Amino acid sequence: MIVTRFPPSPTGYLHIGGARTALFNWLFSKQQGGKFILRIEDTDEQRSTDDATAAILESMEWLGLSWDEGPYFQSRRYDIYNEVIDRLIADGQAYHCHCSPEDLERQRQNARSKGLKPKYDGTCRDLGLDPAPGSVVRLKIPLSGITQFIDLVKGPIRFDNEELDDLIIRRSNGSPTYHLAVVADDISLGMTHVIRGDDHVNNTPRQILIYKALGEPIPKYAHLPMILGPDKTRLSKRHGAMSVLAYRDMGYLPHALLNALARLGWSYGDQEKFSMEEMIAKFSLESVGKAAGVFNAEKLLDLNAWYIRESSDEFLAEQLTPFLETQGFTNLDAGKVREVVSILKVRSKTLVEMAEGAHFCLAEEITYEKKGDDKFLKPGVLELFEDLNNRLAAMPEFNQESIEKLFIDFLEQKEIKLRKLAQPLRVALTGKTASPGIFEVMEILGKEKVVERIRKAAAHIKNKKQDA
RNA sequence: GUCCCCAUCGUCUAGUCAGGUCCAGGACACUGGCCUUUCACGCCGGCAACACCGGUUCGAAUCCGGUUGGGGACGCCA
């Protein structure tokens, strides 16, 4: 059985790069009928926080990237790492090093000045030193030869062992370092596939060498291309909202984000939209591209609008509710929400936008947008409003069809075009110059509210006249 | 600096492994039009790319070499 994992370090929020890595691991394991493990890499006590861990779990749950095992916390697995390190020392594969951080800095400077790669010079490698305060444990890297692997997305990659130095596997404070912990965990959890960001390519030979020193089978590797900001540099905070939770709060549907992420680096012919089932069925590491790519926020927005349009009213009403609540609506009428959702979904790109669009229907009072007020609520419409309102008030049945019929007669009598009446009415009824169709708006509002709002608009116009 | 990786429209990409069907296809964005009670949706159209130079070949976006450009890594971070 194949086993994949997503191992974030809890030093910040889950951003879209990490989310994509998690998604690809998840897709691959689902497709192969394997197992997907979540592991929190919190060996850096200084920078790891519980808040970050919580945010990561929340993000994963919101995205629906469920894990089959874990979350494991590396900070609670030190016994495993220590056993591995001690074994390496006992086997002569690792040694105690007494060089100070200052020594190391000097060595790096030295190498750099000679135009070489900065690295440890191996001072303590063959000294047979005992542990001492401040000492670390290093792995013996072969002095020559090459280490190579076949990357499932990039193809064969090889490194000269001379490029590598004896990496530290146990810090002076006794804790294991990243490379050691990752390998020890991946061995103990039975990892078969390591799917991770491009930035780990250079780490791979070191990790392979740890497997070799341990005599353990080496997993398959797949390195995903980096996600870049619009300026083509590595994604970071200054590129704006990159946290998964920020997208949730901006009103994106998890499926839309997932779809956008999947298409960043992976493709399936010309297909742009995938249900989760399709994504799982069609995903393959082979069709992951090699080149780094820029995250296209506009495409995500378009995708989000599309998924909103395609979703059921029930689902959307449920998704929309938290947004309505943050906008101050309480005791929502579920039926009302569903109704307004159904006419709003074709014109909402995000749930935030949709919640704003729902105001006219859910709020008791509306306020007129200045632009619409000035342009359409003018004395010229007063008489139309009053006449129309009398007729509307007398309607026995108040639905789109009957309203439209009444309008046809009314417009004919007054000899005006619908557009002359619709815009002023729209402002009177919704406060805005853009809204769903005017008949839809009227039906959803109901006769009582419609009549009242038209009356208020008329009064408002008269007021303006007096002021002027 | 050293090593590793990469290179098709502004962006995401198809095509590259098995060279001709590609004067390069799709999507987003932008844009012209149609529809229309506004805003959207929808529909029709437009703009726009094989980084460069050599080589192999009857023929190269596709294969090879180099150049340039970009990204990544060089931590007692992960």
Side-chain angles (χ1 to χ4, degrees), chain A residues 7-11 41-44 46-48 74 97 99-101 104-105 108 111-119 134-138 151 154-155 157-160 162-165 167-175 177-179 181-182 197-205 223 225-226 228 230 232-234 260 263-273 286-287 289-303 305-306 309 344-349 357 372 376 404 407 411 417-423 425-427 430 432-439 441:
Chain A
S9 68
T11 54
E41 310 217 321
D42 55 351
T43 54
D44 184 346
Q46 302 301 318
R47 300 197 304 150
S48 298
Q74 289 193 323
C97 168
C99 293
S100 68
L104 301 178
E105 189 47 40
R108 280 190 210 106
R112 208 181 273 269
S113 69
K114 286 188 202 154
L116 297 174
K117 183 177 284 193
K119 54 180 211 178
S135 73
V136 299
V137 175
R138 287 181 187 272
D151 192 282
K154 291 180 185 293
I157 298 179
R158 49 187 288 159
F159 290 85
D160 278 326
E162 288 170 43
E163 292 294 329
L164 277 21
D165 63 0
L167 68 152
I168 294 174
I169 54 177
R170 177 185 280 157
R171 300 189 185 99
S172 56
N173 70 2
S175 65
T177 57
Y178 163 71
H179 291 293
V182 165
D198 229 352
D199 48 341
H200 285 289
V201 169
N202 296 277
N203 291 333
T204 307
H223 288 97
M226 298 274 86
L228 275 22
K232 302 255 189 184
T233 64
R234 198 196 176 113
R263 280 291 286 101
L264 213 196
W266 171 74
S267 62
Y268 186 82
D270 284 339
Q271 190 172 343
E272 298 284 349
K273 294 164 180 129
E286 216 171 279
S287 42
K290 300 170 198 249
V294 176
F295 178 67
N296 190 341
E298 283 165 337
K299 201 157 182 170
L300 167 62
L301 187 61
D302 179 69
L303 231 25
W306 190 82
R309 252 176 276 145
L344 246 23
K345 66 184 186 183
V346 70
R347 66 201 92 220
S348 305
K349 290 186 188 299
F376 297 111
E404 187 165 359
F407 264 65
L411 293 171
K417 296 272 192 196
L418 175 54
R419 59 191 322 138
K420 286 293 239 183
L421 183 56
Q423 278 307 81
L425 213 43
R426 193 182 310 282
V427 176
T430 70
K432 297 175 178 159
T433 51
S435 83
I438 197 69
F439 304 131
V441 167

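Letters A, B, ... are given to chains in the order of the sequence lines, protein chains preceding strands, and every chain is numbered from 1. This structure is a prediction, so every number in the text was calculated from the model and none was measured.
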Inset, instruction - Summarise protein proximity over nucleotides 26-43 of chain B in one line of letters, 5' to 3': B for base, S for sugar-phosphate only, - for none, counting protein heavy atoms closer than 4.0 Å. - result: BBBS-------BBBSSS-
Inset, instruction - Spell out protein contact along nucleotides 62-74 of chain B as letters: B when the base is contacted, S when just the sugar-phosphate is, - when no protein heavy atom is under 4.0 Å; keep the 5' to 3' order. - result: ---------SBSB
Inset, instruction - When you get a sec, tell me which of C12(B), A78(B), C76(B) is the closest nucleotide to the side chain of I168(A)? - result: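 Out of C12(B), A78(B), C76(B), the nucleotide with an atom closest to I168(A)'s side chain is C76(B).
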Legend entry - Closest nucleotide among C76(B), C6(B), C4(B) to the A291(A) side chain: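 Given the options C76(B), C6(B), C4(B), the side chain of A291(A) is closest to C6(B).
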Contacts of [X] that satisfy salt bridge (charged side-chain N to carboxylate O under 4.0 Å, His left out) - sequence neighbours left out:
X       : result
D151(A) : none
D42(A)  : none
K349(A) : none
K432(A) : none

Legend entry - Under-4.0 Å salt bridge between D198(A) and K154(A):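 Yes, D198(A) and K154(A) are salt-bridged.
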Legend entry - Partner set under ring-ring contact (aromatic ring centres under 6.0 Å, His included) for H179(A), not counting sequence neighbours: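 Applying ring-ring contact (aromatic ring centres under 6.0 Å, His included) to H179(A) gives none.
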Legend entry - Contacts of type ring-ring contact (aromatic ring centres under 6.0 Å, His included), residue Y178(A), not counting sequence neighbours: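 Checked Y178(A) against ring-ring contact (aromatic ring centres under 6.0 Å, His included); matches are H200(A).
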Inset, instruction - Apply side-chain hydrogen bond (donor to acceptor under 3.5 Å, both in side chains) to E162(A) and list each qualifying residue two or more places apart in sequence or on a separate chain. - result: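 Result, side-chain hydrogen bond (donor to acceptor under 3.5 Å, both in side chains) vs E162(A): none returned.
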Legend entry - Assigned partner base of C43(B), Watson-Crick or wobble definition, under 3.5 Å: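 Answer to the pairing question: G33(B), which forms a Watson-Crick or G-U pair with C43(B).
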Inset, instruction - Pick base, sugar-phosphate or nothing for V294(A), based on heavy-atom distances below 4.0 Å to the nucleic acid. - result: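 It contacts sugar-phosphate atoms only.
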